[in-house]
Student: 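Once you've had a glance at the structure underneath, I'll fire off some questions.
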Amino acid sequence: MPEGHTLHRLADELRTTYVGRAVTSSSPQGRFAAEAARIDGHVLDGAEAWGKHLFVSFADVPEQAHVHLGLYGTFVISPGVDRPVVGQVRWRLEAGSTADLRGANTCELLTPPEVDARIARLGPDPLRADADPDRAWHRIHRSTTPIAALLMDQAVLGGVGNVYRAEVLFRNEVAPMTAGRRVTHKRWNAMWADLVDLMRDGVRTGRIDTVRPEHEPEAMGRPPRADDHGGEVYVYRREGQACLVCGMPVRRRVLAGRNLFWCPTCQHRG
DNA sequence: ATTCTATGTCGAA
DNA sequence: TCGACCTAGAATA
């Protein structure tokens, strides 16, 4: 479930579990074997997320491990060591606990300049205290690209994925195909503040929950739903189902190769 | 047994 | 805009 909150949560978990400890590093699957061996036995001294990218550093190893989970990668930490390898484990870290990386789009060692270059290509990340929303605004307010596409562009904003994109547009009543230049500065600031709240909540809970209390099914006199993607949402993957606010069927279209979900009635603003 | 799908990104056409 | 790629579980046959 990799949007930015997943990576920040993972960085926190890696620090808590391993910082200051010498780790065993291996690549059971083999595709990260030479790199894993360079790390083996070194003390993990940092883990940090920038958008959907994770960087892990080790004492006396100049390079950092750079991980991107892609669409379906996972990095799962379990108690204990010497656990049986299940499936394709690209990278395994062990020190009291075992962290198994599977299905990652990217797992590589980068030199410090390469790390800096990778981070420099990312827009501001709502989960980072040093993020500047005006950097994103600068790109948005001069663009003819739909705001729904701009939100997904990692050079505009770091860490927002398909769920947060759909949900922040709904919560701010913004029509997804509105050109960036038609979005007001005030509305952008509200969307940014909303992303900060939603994504921080996501880091805390490990889920994406965006439904306000007054729209919870119980509050609306309906039975609770069980979304299968780890959270309660207004529109994401709810095509054809009734909007939780107005009851109109939620719509779907493909935009830039990704499914976009929205309520045509509630989302009317630019 | 095979196909499909997924909260992502890149590069070729 | 499209296919390729990383993997596993669900859906379909």
Side-chain angles (χ1 to χ4, degrees), chain A residues 1-11 27-33 35-36 49-55 65-76 78 84-92 99-108 110 114 117-123 125-127 145-146 148-171 176 195 198-211 226-240 250 252-262:
Chain A
M1 339 166 185
E3 293 198 26
H5 69 301
T6 304
L7 280 298
H8 282 265
R9 188 178 169 82
L10 182 54
S27 178
Q29 176 221 40
R31 293 184 49 178
F32 192 55
E35 298 91 334
W50 289 83
K52 298 170 191 167
H53 298 258
L54 172 71
F55 299 91
H66 169 225
V67 171
H68 193 295
L69 295 178
L71 197 51
Y72 45 74
T74 59
F75 204 171
V76 177
S78 319
V85 173
V86 177
Q88 301 291 306
V89 177
R90 180 90 58 84
W91 186 25
R92 168 172 279 191
D100 279 348
L101 176 68
R102 293 186 178 77
N105 200 15
T106 303
C107 176
E108 62 189 357
L110 295 183
E114 288 171 332
R118 188 56 256 190
I119 292 168
R121 282 199 271 151
L122 293 172
D125 176 350
L127 286 171
T145 302
L150 291 168
L151 290 173
M152 294 278 283
D153 183 342
Q154 302 298 296
V156 174
L157 273 184
V160 174
N162 206 9
V163 184
Y164 284 124
R165 176 263 290 266
E167 296 299 307
V168 80
L169 287 170
F170 180 90
R171 285 168 54 102
L195 283 170
L198 289 173
M199 294 175 76
R200 279 187 186 161
D201 198 52
V203 173
R204 194 170 52 76
T205 64
R207 304 161 34 115
I208 300 180
D209 292 294
T210 62
V211 179
D227 287 345
D228 60 2
H229 46 80
E232 292 289 330
V233 294
Y234 282 107
V235 291
Y236 175 71
R237 284 230 260 177
R238 296 195 63 243
E239 180 186 14
V250 170
R252 175 182 72 90
R253 65 167 283 182
V254 175
L255 177 66
R258 308 300 303 281
N259 283 320
L260 167 68
F261 301 88
W262 82 103

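All chains are named by letter (A, B, ...) in the order of the sequence lines, taking the proteins before the strands, and each is independently numbered beginning at 1. The figures that follow rest on heavy atoms only: side chains count, while hydrogens, waters and symmetry mates do not.
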Student: Using atom names, set out every protein N or O paired with an N or O of nucleotides 11-13 of chain B below 3.5 Å, distance rounded to 0.1 Å.
Tutor:
none

Student: It should be established whether A:Gln154 places a side-chain nitrogen or oxygen under 4.0 Å from OP1 or OP2 of nucleotide B:dC10.
Tutor: no
Student: In whole angstrom, give the distance that lies between atom CE of A:Met199 and atom P of B:dT7.
Tutor: 15 Å
Student: Identify all pairs in which a protein N or O lies below 3.5 Å from an N or O of nucleotides 2-6 of chain B, and state each distance.
Tutor:
unit_1, atom_1, unit_2, atom_2, d
B:dA6, O3', A:Tyr236, OH, 3.3

Student: What distance do A:Thr74 atom OG1 and A:Leu10 atom CG have between them, rounded to the nearest 0.5 Å?
Tutor: 9.5 Å
Student: Select base, sugar-phosphate, or nothing to describe what A:Gly87 touches, counting heavy atoms under 4.0 Å on all strands.
Tutor: sugar-phosphate
Student: Judged by atom type as modelled, is there a donor-acceptor pair below 3.5 Å linking the side chain of A:Glu3 to the main-chain atoms of A:Asn162?
Tutor: yes
Student: Among B:dC10, B:dT7, C:dA8, which is the nearest nucleotide to the side chain of A:Arg121?
Tutor: B:dC10
Student: Within the side chain of A:Arg90, is there an N or O that forms a donor-acceptor pair under 3.5 Å with the backbone of A:Ala104?
Tutor: yes
Student: Under the 3.5 angstrom rule, does the side chain of A:Asp209 hit a backbone N or O of A:Glu232 as a donor-acceptor pair?
Tutor: yes
Student: Hey, does the side chain of A:Gln154 reach the backbone of A:Gly159 with a donor-acceptor pair shorter than 3.5 angstrom?
Tutor: yes
Student: Is there a donor-acceptor pair closer than 3.5 Å between any side-chain N or O of A:Lys52 and the backbone N or O of A:His5?
Tutor: no
Student: Within this structure, what is the CG-to-C1' distance between A:Leu255 and B:dG8, rounded to whole angstrom?
Tutor: 15 Å
Student: What's the gap between C:dG9 and B:dT9 when it is taken at their C1' atoms, as a whole Å value?
Tutor: 23 Å
Student: Nearest whole angstrom, please: distance from the C1' of B:dT7 to the NE2 of A:His8.
Tutor: 15 Å
Student: Which is true for A:Glu167 with a 4.0 Å heavy-atom rule: it touches a base, it touches only sugar-phosphate, or it touches nothing?
Tutor: nothing
Student: Please check if the side chain of A:Arg171 supplies one atom and the backbone of A:Thr210 the other of a donor-acceptor pair under 3.5 Å.
Tutor: yes
Student: Not counting sequence neighbours, which residues clear side chain to side chain donor-acceptor pair (under 3.5 Å) with A:Gln88? List them please.
Tutor: none
Student: What's the CG-C1' distance between A:Leu69 and C:dA8, to the nearest Å?
Tutor: 14 Å
Student: Please report, rounded to the nearest Å, how far the P atom of B:dT9 is from the CZ atom of A:Arg165.
Tutor: 12 Å
Student: Which residues pass the salt bridge (Lys or Arg N to Asp or Glu O under 4.0 Å) test with A:Arg9, sequence neighbours left out?
Tutor: none
Student: Take N1-N3 plus N6-O4 or O6-N4 for Watson-Crick, N1-O2 plus O6-N3 for G-U, both under 3.5 Å. Which runs of 3 or more such pairs involve DNA chain C?
Tutor: B:1-6 with C:7-12, B:8-12 with C:1-5
Student: What's the CG-P distance between A:Asp153 and B:dT9, to the nearest Å?
Tutor: 9 Å
Student: Taking the P atom of each, how far is C:dA13 from B:dT5, in whole Å?
Tutor: 12 Å
Student: Calculate the interatomic distance between A:Met152 atom CE and C:dT1 atom P; express it in whole Å.
Tutor: 15 Å
Student: Tell me whether the side-chain N/O atoms of A:His68 come closer than 4.0 Å to OP1 or OP2 in B:dT9.
Tutor: yes
Student: Can you list every pair that meets salt bridge (charged side-chain N to carboxylate O under 4.0 Å, His left out) and has a residue in residues 153-163 of chain A, with sequence neighbours left out?
Tutor: A:Arg139-A:Asp153
Student: Considering only atom C1', compute the distance from C:dT1 to B:dT7 and round it to an integer number of Å.
Tutor: 22 Å
Student: Please name the pair of heavy atoms, one in A:Tyr164 and one in A:Arg207, separated by the smallest distance, quoted to 0.1 Å.
Tutor: OH-O, 4.4 Å
Student: Provide, to the nearest angstrom, the distance between the CD atom belonging to A:Gln88 and the P atom belonging to C:dC5.
Tutor: 15 Å
Student: What nucleotide, of B:dC10, B:dT7, C:dC5, holds the atom closest to the side chain of A:Arg118?
Tutor: B:dC10
Student: Hey, does the side chain of A:Lys52 come within less than 4.0 Å of B:dT9's phosphate (OP1/OP2), counting only N and O?
Tutor: yes
Student: A:His5 has a side chain; which of C:dT7, B:dT7, C:dC5 sits nearest to it?
Tutor: B:dT7
Student: Short question: side chain of A:Ser27, backbone of A:Phe32 - any donor-acceptor pair under 3.5 Å?
Tutor: yes
Student: Could you check whether any side-chain N or O of A:Glu167 sits under 3.5 Å from a backbone N or O of A:Val233, counting only pairs where one atom can act as donor and the other as acceptor?
Tutor: no
Student: Considering every strand and a 4.0 Å limit on heavy-atom distances, what is the contact class for A:Gly103: base, sugar-phosphate, or nothing?
Tutor: base
